[in-house]
2 protein chains.
Amino acid sequence: MQTTVDLDTRLGAAGYRLTGPRRALASIVAERDGHFRAADLIADPRVAGLGIGRATVFRSLEALAAVGAVERIDLPSGDHAYIRCDPAHHHHVVCRRCGRAANVDDAGLRGVAAEIERRTGYAIDGHRLELFGLCEACQVGRS
Amino acid sequence: MQTTVDLDTRLGAAGYRLTGPRRALASIVAERDGHFRAADLIADPRVAGLGIGRATVFRSLEALAAVGAVERIDLPSGDHAYIRCDPAHHHHVVCRRCGRAANVDDAGLRGVAAEIERRTGYAIDGHRLELFGLCEACQVGRS
DNA sequence: GTTTTTGCAAACCATTTGCAGGGTC
DNA sequence: GACCCTGCAAATGGTTTGCAAAAAC
């Protein structure tokens with residue numbers, strides 16, 4: 001579980017200034033359970049209430065992504081979204097229904113990449129894996 | 001290697017009408033070696049020469065994607081691009097430098113997905129894997 | 001002949017940028 | 001006090017849509 005403090009700390013450690021808008025956005029992001037769009041944050045009453053502008057939301061998300069506190073993902077629909085994430089883990093299983101995401105470590109993917117390198121001759125230096133499905137809660141009908 | 005005929009055939013088989021613009025675009029797409037953006041097609045002199053409009057390019061790409069003749073991918077930069085692809089193979093290794101893409105089959109990913117299902121409890125029903133690196137030609141400096 | 005497709009232009013939407021003022025270190 | 005960050009508003013760039021004419025079946 002990530003707390004607001006974690007996100008703030010990460011921003012600070014990376015040399016970003018801890019401003020009101022950034023703290024507020026970090027806090028809102030920290031309590032998100034699933035993925036969210038920039039538009040979701042912009043629409044958040046607290047964001048509007050604090051007078052935080054669109055641009056700041058995008059810039060803050062960029063900062064959070066830069067420090068690995070969130071990651072931008074591409075939904076099957078093609079939309080862009082963000083999810084909180086641990087900098088060490090780089091893959092996610094995203095629930096189609098509720099949007100909750102679980103972090104997943106390598107889980108053997110490195111071997112798959114090596115196999116693909118061998119077969120194709122490409123020197124692979126990066127990859128993106130996104131998995132979609134239903135989380136346990138959504139499988140049993142609970143939301 | 002996919003020929004224009006393949007693409008046309010696929011569109012036809014799926015109930016799409018074979019129109020001039022679609023044939024022309026299928027032909028241009030068929031000869032593409034790497035990934036391309038919608039903008040690349042729009043900028044193609046033949047497209048301009050035939051008076052094919054932006055909207056038609058997007059609509060045709062949508063049709064081609066619907067029949068599995070091309071797939072829309074997300075570049076590391078966040079840009080959208082398309083690559084030709086075989087409906088059976090669903091992963092790609094894209095060259096960072098020249099954009100050429102190689103199709104890759106499962107290569108063990110299914111096992112990885114199963115492992116992730118076990119660990120997370122998610123019922124995984126889809127995934128997207130994109131690999132990036134350098135193709136053999138680009139590794140040795142040739143373009 | 002009916003239905004789909006097209007080109008055009010306008011509409012849209014998400015995201016970015018320029019800039020002067022304000023906040024943080 | 002120097003530099004970073006913010007809000008605003010305007011600009012941007014990619015993609016979609018409404019519509020009447022044209023083409024395919």
Side-chain angles (χ1 to χ4, degrees), chain A residues 7-29 35-67 69-82, chain B residues 7-29 35-67 69-82:
Chain A
L7 303 186
D8 283 359
T9 301
R10 275 197 232 162
L11 285 174
Y16 288 96
R17 295 196 173 167
L18 295 179
T19 66
R22 292 224 258 242
R23 286 175 196 279
L25 288 167
S27 158
I28 293 170
V29 165
H35 55 55
F36 53 91
R37 262 71 78 44
D40 295 328
L41 295 186
I42 294 169
D44 189 296
R46 280 165 293 180
V47 170
L50 291 168
I52 298 173
R54 287 165 283 288
T56 298
V57 171
F58 282 103
R59 287 186 282 228
S60 296
L61 281 172
E62 189 182 357
L64 287 168
V67 301
V70 302
E71 186 167 330
R72 185 176 180 166
I73 61 171
D74 299 292
L75 268 24
S77 66
D79 292 334
H80 294 302
Y82 295 83
Chain B
L7 303 186
D8 284 358
T9 302
R10 274 197 232 162
L11 284 175
Y16 288 96
R17 292 191 178 172
L18 295 178
T19 66
R22 292 223 259 242
R23 285 175 198 278
L25 289 168
S27 159
I28 293 171
V29 164
H35 55 57
F36 53 92
R37 260 70 76 46
D40 296 328
L41 296 185
I42 293 169
D44 189 295
R46 283 166 290 181
V47 170
L50 291 168
I52 298 174
R54 287 166 282 287
T56 299
V57 171
F58 283 102
R59 287 185 281 227
S60 295
L61 282 171
E62 189 183 358
L64 286 169
V67 301
V70 302
E71 186 167 332
R72 185 174 180 170
I73 61 171
D74 298 292
L75 268 23
S77 65
D79 292 332
H80 294 302
Y82 295 83

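Letters A, B, ... are given to chains in the order of the sequence lines, protein chains preceding strands, and every chain is numbered from 1.
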Residue closer to the 5' end of DNA chain D, B:Arg37 versus B:Gly20 (nearest nucleotide):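 This one resolves to B:Arg37.
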5'-most by nearest nucleotide on DNA chain D - B:Ala39 or B:Thr19: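 Mapping each residue to its closest nucleotide by heavy atoms, the 5'-most match is B:Ala39.
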To the nearest 0.5 Å, what is the distance between [atom1] on [X] and [atom2] on [Y]?
X       : Y       : atom1 : atom2 : result
A:Leu50 : A:Ile28 : CG    : CD1   : 7.0 Å
A:Tyr16 : A:Glu62 : OH    : CD    : 7.0 Å
A:Arg46 : A:Ile52 : CZ    : CD1   : 10.0 Å
B:Leu25 : B:Leu7  : CG    : CG    : 10.5 Å
A:Leu18 : A:Thr9  : CG    : OG1   : 8.0 Å
B:Asp40 : B:His35 : CG    : NE2   : 9.0 Å

Does [X] reach the side chain of [Y], with side-chain heavy atoms less than 4.5 Å apart?
X       : Y       : result
B:Val57 : B:Arg54 : no
A:Leu61 : A:Phe36 : yes
A:Asp74 : A:His80 : yes

If I take atom [atom1] in residue [X] and atom [atom2] in nucleotide [N], what distance separates them, rounded to the nearest angstrom?
X       : N      : atom1 : atom2 : result
B:Leu41 : D:dG14 : CG    : P     : 13 Å
A:Leu25 : D:dC5  : CG    : C1'   : 13 Å
A:Glu62 : D:dC4  : CD    : C1'   : 14 Å
B:Arg22 : D:dA23 : CZ    : P     : 15 Å
B:Arg23 : D:dA23 : CZ    : P     : 15 Å

Opening and closing nucleotides of DNA chain C in contact with chain B, under 4.0 Å to non-hydrogen atoms: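 So the outermost contacting nucleotides come out as C:dT3 to C:dC8.
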Relative orientation of the end axes in the helix from C:dG1-D:dC25 to C:dC25-D:dG1, expressed as an angle to the nearest 10° (five pairs per end): 50°
B:Asp44 side chain to B:Leu41 backbone, donor-acceptor under 3.5 Å: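 Checked: no pair found.
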Backbone N/O of A:Arg17 and side chain of A:Arg22: donor-acceptor pair under 3.5 Å: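 Confirmed, A:Arg22 side chain pairs with A:Arg17 backbone.
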Which residue lies more 5' along DNA chain C, comparing A:Ile42 with B:Leu50 via nearest heavy atoms: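 With A:Ile42 and B:Leu50 compared, the 5'-side residue is B:Leu50.
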Touch class at under 4.0 angstrom, heavy-atom based, for A:Ala38 against every strand present: sugar-phosphate
DNA chain D-proximal residues of residues 52-61 of chain A, any heavy atom under 4.0 Å: A:Ile52, A:Gly53, A:Ala55, A:Thr56, A:Arg59
